[in-house]
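One structure is given here, and the rest of the page talks about it.
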Amino acid sequence: MTTKQLIESLLFISGRPMSETKLTEILQKDVKEVRIAAEELMKEWNVPERGVHVIKTGSSYQMATNPDVAYLVKDFVKSEQSGELSRPSLETLTIIAYRGPITKPELEQIRGVNCSLILRNLLIKGLVEAREDQEKMATVYSISFDLLKFLGVNRVEELPDFQKLNSDENLKKLLEQKLEQASDEPAPPVAEPSQ
Amino acid sequence: MTTKQLIESLLFISGRPMSETKLTEILQKDVKEVRIAAEELMKEWNVPERGVHVIKTGSSYQMATNPDVAYLVKDFVKSEQSGELSRPSLETLTIIAYRGPITKPELEQIRGVNCSLILRNLLIKGLVEAREDQEKMATVYSISFDLLKFLGVNRVEELPDFQKLNSDENLKKLLEQKLEQASDEPAPPVAEPSQ
Amino acid sequence: MAYKFKLQQFEGPLDLLLQLIEQEEMDINQIALAHVTDQYVRYLNETKGILPEELADFLVVAAKLLLIKSKSLLPGLQVEDDDSSDLERQLKMYKEFYEASKMIHKMILKRHFSFSRDKMVVKIDKVFNPPKHLTSEKLRELFADILAGLEVWVSMEHDVIIKTVSIRERISNIQDMISTTATLRFNELMKTAKNKTEVIVTFLAILELVKQRWVAVVQENVFDDIVVKKIDGAAGEVVKDTI
């Protein structure tokens with residue numbers, strides 16, 4: 001059996017999202033092989049003719065129905081999901097979708113308001129996920145599979161204007177500046193070499 | 001969408017056998033068309049390269065893993081049922097122990113994040129039990145009898161400091177707040193134009 | 001001077017600023033920011049329902065705007081350029097994401113949802129697999145930790161209820177202080193502010209009093225304390241409602 005086939009079986013059985021780490025552990029293969037196989041699977045399944053797709057956020061995968069059949073499946077699973085979201089929620093989710101994983105200070109820098117309560121709200125609703133980022137030594141936020149399913153895309157990269165908004169120069173500058181002055185304390189004096 | 005695609009989505013989402021009659025009813029197509037599409041689906045899926053197959057018993061169809069991966073499915077279930085608890089899972093278990101029977105929304109209000117995945121994890125390990133509460137009209141969760149025994153107590157009330165911890169003031173306030181802000185977001189400020 | 005525009009509801013300071021600039025049909029730049037400064041401050045003062053916890057965010061933007069405006073009025077004014085171009089950049093950024101959020105909203109409203117299955121499709125035998133070293137004492141410790149962590153959220157909700165001093169209140173406050181002493185030291189005044197928000201509120205209040213020619217501010221030498229003086233013959237009442 002190929003790795004791709006095995007991943008296919010596992011995603012089907014579980015129904016829930018599975019991380020590359022988890023897949024690696026069960027399949028006893030290395031991460032790289034798992035990732036390549038999973039991406040291949042996505043390419044194969046995510047075509048309009050298929051009733052089931054494989055969606056991805058971060059480094060996790062999940063099987064979900066093709067959004068084109070929403071009208072039918074919605075009744076079958078008795079979904080009452082309306083997709084109603086308030087403006088603060090929408091704004092926050094948009095920024096996290098395009099710029100995640102993102103820290104709270106970065107998010108607040110873009111929105112210009114404190115985001116503690118709204119983040120908590122979105123975490124409880126399961127539209128956003130938080131995890132500790134080892135490198136940044138901070139909590140980072142990304143969108144959840146539930147939000148992805150709401151949007152009806154297989155991954156965030158499929159969102160309109162993703163490239164532009166994800167790699168915006170202005171934003172980079174803004175966040176860099178912010179990071180420089182990140183600590184509230186005044187920076188320690190730095191001796192400037194005299195000419 | 002073709003009938004084949006629609007059947008594919010339904011079989012996936014249900015995970016159980018679906019009869020031709022049932023499919024006919026949902027799809028509003030005649031039996032013959034449903035049967036032809038389902039047979040086509042079987043031809044397409046039941047090849048060695050696929051990790052998931054479509055099987056037929058009587059006049060019912062079901063999606064199932066390729067029999068060749070049976071060993072893997074076993075491994076997966078085993079790894080879900082065993083395995084150490086993550087910190088968030090352990091926290092959730094603790095809250096259920098001291099505050100159970102508790103609903104999922106209450107649990108999430110305390111933890112500040114969505115708990116769907118963790119609950120499933122605890123249920124599958126036999127640590128937590130779910131039942132329908134008639135009064136609350138909701139599913140409530142308690143720790144399992146096996147876990148009580150394991151901890152060496154007969155009832156949760158015998159857990160250390162139960163009275164004090166169970167009736168914590170902050171906890172009460174937090175859960176009350178939840179009820180107050182039934183509509184979950186603060187209303188946006190409204191500008192009052194001057195005359 | 002009555003103003004004729006009517007704003008929709010706004011979310012936060014950047015949204016308010018963006019709406020003001022779009023109403024004037026201006027591009028986002030320093031000129032536009034200076035142009036809408038007064039409107040912004042006025043809105044801030046007349047809007048009811050800004051949560052105290054959000055007020056700080058609104059005031060920080062107000063302070064940046066006032067800086068930009070003073071630069072446009074006094075071209076010779078030497079200030080670090082960072083803050084003003086920062087605000088311009090931030091607003092442009094905000095606008096991009098605001099537009100994107102409208103797109104996202106449209107996508108969601110189409111209800112083009114995907115669905116996944118919650119249940120595993122295999123039959124699962126009942127097991128009992130407790131964490132090996134779990135004891136009731138450990139549960140107690142963990143739960144106590146969790147309870148301690150709740151404090152933040154409970155008190156945060158509580159903070160919302162505590163009223164923060166508004167610009168108008170601060171103005172009457174300063175007037176009272178100055179009526180009894182005739183002069184005030186800026187540093188002394190700032191010391192009465194309890195937090196960053198109140199420092200900015202106080203600063204805005206003084207600027208407003210200067211604008212209305214109720215007080216004058218004098219600084220003898222650079223780095224000296226600034227002295228706030230009541231102007232002789234100033235009308236007794238500040239026209240608070242025009243702020």
Side-chain angles (χ1 to χ4, degrees), chain A residues 1-18 22-23 25-28 41 44 48-53 63-77 85-89 116-130 144-146, chain B residues 1-15 18 22 26-28 41 44 48-53 63-73 75-80 83 88 104-105 107-117 120-121 178 181 183-188:
Chain A
M1 305 287 289
T2 65
T3 309
K4 195 179 77 180
Q5 260 173 304
L6 297 173
I7 297 176
E8 185 174 308
S9 317
L10 287 174
L11 290 178
F12 168 74
I13 285 287
S14 148
R16 294 278 179 122
M18 289 186 84
K22 179 89 185 169
L23 289 167
E25 201 182 290
I26 300 174
L27 298 174
Q28 311 262 340
L41 196 67
E44 192 181 305
E49 309 85 73
R50 284 288 190 107
V52 184
H53 284 183
M63 264 188 202
T65 56
N66 180 338
D68 290 344
V69 301
Y71 69 97
L72 186 85
V73 177
K74 163 182 110 253
D75 291 340
F76 180 70
V77 298
L85 288 168
S86 69
R87 248 198 75 186
S89 294
S116 303
L117 279 176
I118 189 80
L119 275 174
R120 179 178 152 91
N121 222 312
L122 295 172
L123 282 167
I124 289 180
K125 284 189 182 160
L127 296 173
V128 160
E129 277 168 5
S144 69
F145 277 96
D146 279 350
Chain B
M1 301 297 292
T2 66
T3 310
K4 195 179 77 177
Q5 254 174 310
L6 296 171
I7 296 177
E8 185 174 312
S9 320
L10 289 171
L11 291 181
F12 164 74
I13 205 80
S14 121
M18 289 183 85
K22 177 87 182 169
I26 299 174
L27 296 172
Q28 312 255 342
L41 199 65
E44 192 181 306
E49 308 85 74
R50 284 289 190 102
V52 183
H53 285 185
M63 254 186 211
T65 49
N66 180 333
D68 292 346
V69 299
Y71 71 97
L72 185 76
V73 173
D75 286 354
F76 169 66
V77 175
K78 215 171 140 193
S79 89
E80 289 281 282
K104 183 164 160 286
L107 197 53
E108 287 168 343
Q109 183 67 10
I110 298 173
R111 291 211 54 238
V113 289
N114 189 277
C115 294
S116 306
L117 282 172
R120 177 173 108 163
N121 201 354
K178 163 80 184 179
Q181 28 162 287
S183 75
D184 44 48
E185 267 117 24

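For the numbers below, each heavy atom of this structure counts, side chains included, while hydrogens, waters and symmetry mates do not. Throughout, protein chains are lettered first and strands after them, A, B, ... in sequence-line order, and every chain is numbered starting at 1.
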task = For residues Gly126(A) and Asn114(B), report the shortest heavy-atom separation together with the two atoms involved.
result = CA-CB, 3.6 Å

Leu11(B) portion near chain A, given a 4.5 angstrom heavy-atom threshold = neither

task = Using non-hydrogen atoms and a 4.5 Å limit, figure out which bit of Phe145(A) sits close to chain B: side chain, backbone, both or neither.
result = neither

query = With a 4.5 angstrom heavy-atom cut-off, which part of Ala64(A) approaches chain B: side chain, backbone, both or neither?
reply = backbone

query = For Ser14(A), is it the side chain, the backbone, both, or neither that has a heavy atom closer than 4.5 Å to a heavy atom of chain B?
reply = both

query = Between Ser79(B) and chain A, which part of the residue has a heavy atom less than 4.5 Å away: side chain, backbone, both or neither?
reply = both

key: Per-residue contact mode, Thr65(A) against chain B (heavy atom under 4.5 angstrom)   = both

ask   = With chain A, which of Val73(B), Asp68(B), Leu6(B) has the greatest number of heavy-atom pairs at distances under 4.5 Å?
value = Leu6(B)

task = Heavy-atom pairs under 4.5 Å with chain B are the metric here; pick the option from Leu27(A), Val128(A), Leu72(A) that has the most.
result = Leu72(A)

request  = Let me know if Asn66(A) has heavy atoms under 4.5 Å from chain B in its side chain, its backbone, both or neither.
outcome  = side chain

key: Top of Lys4(B), Arg111(B), Met1(B) for chain A proximity - count of heavy-atom pairs under 4.5 angstrom   = Met1(B)

ask   = Looking at Ile7(B), Val77(B), Ile13(B), Asp75(B), which one has more heavy-atom pairs under 4.5 Å with chain A than the rest?
value = Ile13(B)

request  = Check whether any side-chain heavy atom of Lys22(A) lies under 4.5 Å from a side-chain heavy atom of Glu80(B), and answer yes or no.
outcome  = yes

remark   = The reported gap from CD1 in Ile124(A) to SG in Cys115(B) (rounded to nearest 0.5 angstrom) is 8.5 Å

query = Which is it for His53(A) and Phe12(B) under the side-chain contact (heavy atoms from CB on, under 4.5 Å) test, yes or no, and what are the steps along the way?
reply = CA-CA 10 Å; His53(A) 284 183; Phe12(B) 164 74; over 6 Å; no

inquiry  = salt bridge (Lys or Arg N to Asp or Glu O under 4.0 Å) for Glu108(B) and Arg120(A)? Distances and angles first, verdict last.
reply    = CA-CA 10 Å; Glu108(B) 287 168 343; Arg120(A) 179 178 152 91; over 6 Å; no

Heavy-atom side-chain contact between Leu117(B) and Arg16(A) under 4.5 Å = yes

message = At a 4.5 Å cut-off on heavy atoms, which part of Val52(B) comes close to chain A: side chain, backbone, both, or neither?
response = both

query = What are the two closest non-hydrogen atoms of Ser9(A) and Gly51(B), and how far apart are they?
reply = OG-O, 3.2 Å

task = Please report the shortest heavy-atom distance between Gln5(A) and Glu49(B), naming the atom on each side.
result = CG-O, 2.8 Å

